[in-house]
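To start, the structure itself, in structure tokens.
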Amino acid sequence: MTDRFHFESSIWVSEEHNRLIEVIDQRFLPFETKIFNLKTVEDAYFAIREMVVRGAPLIGVTAAFGMYLALRNYRGDHPGRCLSEAAGYLNSSRPTAVNLFFATRRLLETFDPGKPHAVNVENIYHEAVRMRQEEIDSCRQIGEHGVPLIEEIFRNNGGRPVEILTHCNAGWLACVEWGTATAPIYLAHQKGIPLHVWVDETRPRNQGARLTAFELGLKGVPHTVIPDNAGGHLMQHGRVDLVLTGSDRTTLNGDVANKIGTYLKALAAADNGIPFYAALPSSSIDWELEDGVYHIPVEERSPDEVAFIEGWYGKQITAVRLIPEKSPVANYGFDVTPARLVTGLITERGVCRAEKNSLLHLFPEKQNPL
Ligand code: MRU
């Protein structure tokens with residue numbers, strides 16, 4: 001099914017011409033591999049909103065290309081207004097991952113009303129391409145900074161494989177290449193450090209079961225998919241050495257928003273004395289927000305994602321009803337793990353404690369952002 005494709009990246013500029021951006025359509029993985037075309041800002045909005053693409057860094061990069069497509073296709077006399085409207089439109093696609101807002105703001109700042117349209121289109125295109133490359137570089141650096149944590153656990157655990165639990169998909173599908181939580185795992189695996197990953201299925205959309213398991217399988221990383229509620233039991237029985245997740249928005253004081261269910265894993269990790277790290281590029285840090293628990297907007301998605309479950313049946317993806325037709329459903333997309341439960345943050349500049357001074361020590365240019 002998937003071996004016809006050699007995956008390198010989740011989003012790229014078409015080899016034919018740069019008016020077309022291509023993404024992997026993640027709604028079909030791991031069962032079918034389809035490419036989705038982005039030709040307009042509406043395509044980019046749809047891709048983010050409907051989770052053709054997902055994961056905080058990839059949402060940001062897709063929005064950046066969406067801004068480029070908006071300007072490129074514009075034929076009127078008010079390109080600045082066109083770009084502001086595109087930013088507002090894209091920003092309304094999903095509320096939690098801060099990368100989206102970071103991307104649209106950055107491209108708005110790239111626009112120069114004093115320059116000819118063609119020059120602005122060119123500059124904005126290059127800025128989007130630069131952002132894509134920066135996410136790749138950041139993930140690679142996160143990997144390099146995270147590997148020593150895994151190495152140290154391996155040195156201290158008598159030679160048995162390092163057991164890592166992860167939630168959702170924070171791999172290259174969620175980013176562009178490498179991934180955040182998966183980058184240290186891939187690099188450690190490449191270095192020959194024995195490890196095994198417990199993959200939370202991540203209801204309701206099953207990003208762990210469908211995407212993380214798929215990614216780890218492609219790279220030959222030993223892993224086991226578990227129901228979301230198994231992590232606490234495994235931790236109690238000494239089967240988890242490290243919890244490693246991504247983040248959709250981390251605030252200045254170190255609170256970490258990530259896929260719903262992450263908080264429960266952090267609680268269980270704390271109760272069992274297991275380190276809990278979040279891996280994230282600086283594009284996922286909200287420098288304007290201190291407290292995350294009550295202030296990060298948490299997306300609520302369609303009840304159908306909970307009421308139905310999708311799988312491969314016969315020759316197609318099929319959804320079946322899971323709950324009684326009249327039962328109400330709540331579908332919160334994210335939760336926020338308070339900084340006190342976070343052992344550390346792995347960023348492209350290094351590992352730091354989940355608190356303001358440590359973050360600002362790594363990113364001194366962000367002093368006094370409020
Ligand atoms: O709803 P999703 O699939 O976009 O949520 C993604 C996550 O929660 C990831 O863990 C997060 O974006 C970190 S990705 C590097």
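All ligand and atom numbering here is 1-based and tracks the order in the structure. We're numbering straight along the sequence, starting at 1.
With respect to atom 14 (S) of ligand 1, the closest heavy atom belonging to the protein is Ala174 CB, 3.6 Å. Summary of contacts: the protein heavy atom closest to atom 7 (C) of ligand 1 is Asp248 OD1, 3.3 Å. With respect to atom 13 (C) of ligand 1, the closest heavy atom belonging to the protein is Ser247 N, 3.4 Å. Among all non-hydrogen protein atoms, the one lying nearest atom 10 (O) of ligand 1 is Asn258 OD1, 2.8 Å. In terms of protein heavy-atom proximity, atom 5 (O) of ligand 1 is closest to Lys259 CE, 3.3 Å.
A donor atom on one side chain and an acceptor atom on the other are found under 3.5 Å apart for Thr212 and Asn169. No hydrogens or angles considered: a donor-acceptor pair under 3.5 Å links the side chains of Asn99 and Ser284.
The shortest N or O to N or O distance between Arg54 and ligand 1 is below 3.5 Å. Of the polar atoms of Thr180, none of the N or O atoms is found under 3.5 Å from an N or O of ligand 1, judged by distance alone. Considering both main-chain and side-chain atoms, Gly246 never comes within under 3.5 Å of ligand 1 through any nitrogen or oxygen pair.
Note on ring orientation: taking the six-membered ring where Trp is involved, the planes of Phe65 and Tyr68 are perpendicular (angle over 60°, cut-offs 30° and 60°).
Between Ile193 and Glu151, the closest heavy-atom pair is CD1-CG, 3.1 Å. Between Pro227 and Glu201, the shortest heavy-atom distance links the atoms CA-OE2, 3.6 Å. Looking at every heavy atom in both residues, Arg72 comes nearest to Asn18 through NH1-OD1, 3.1 Å.
Checked against a 6.0 Å centroid threshold, the rings of Tyr186 and Trp172 do not count as neighbours.
Of the heavy atoms in Glu299, none comes closer than 4.0 Å to ligand 1. Using a 4.0 Å cut-off between heavy atoms, Cys168 contacts ligand 1 through its side chain alone, with no backbone atom that close.
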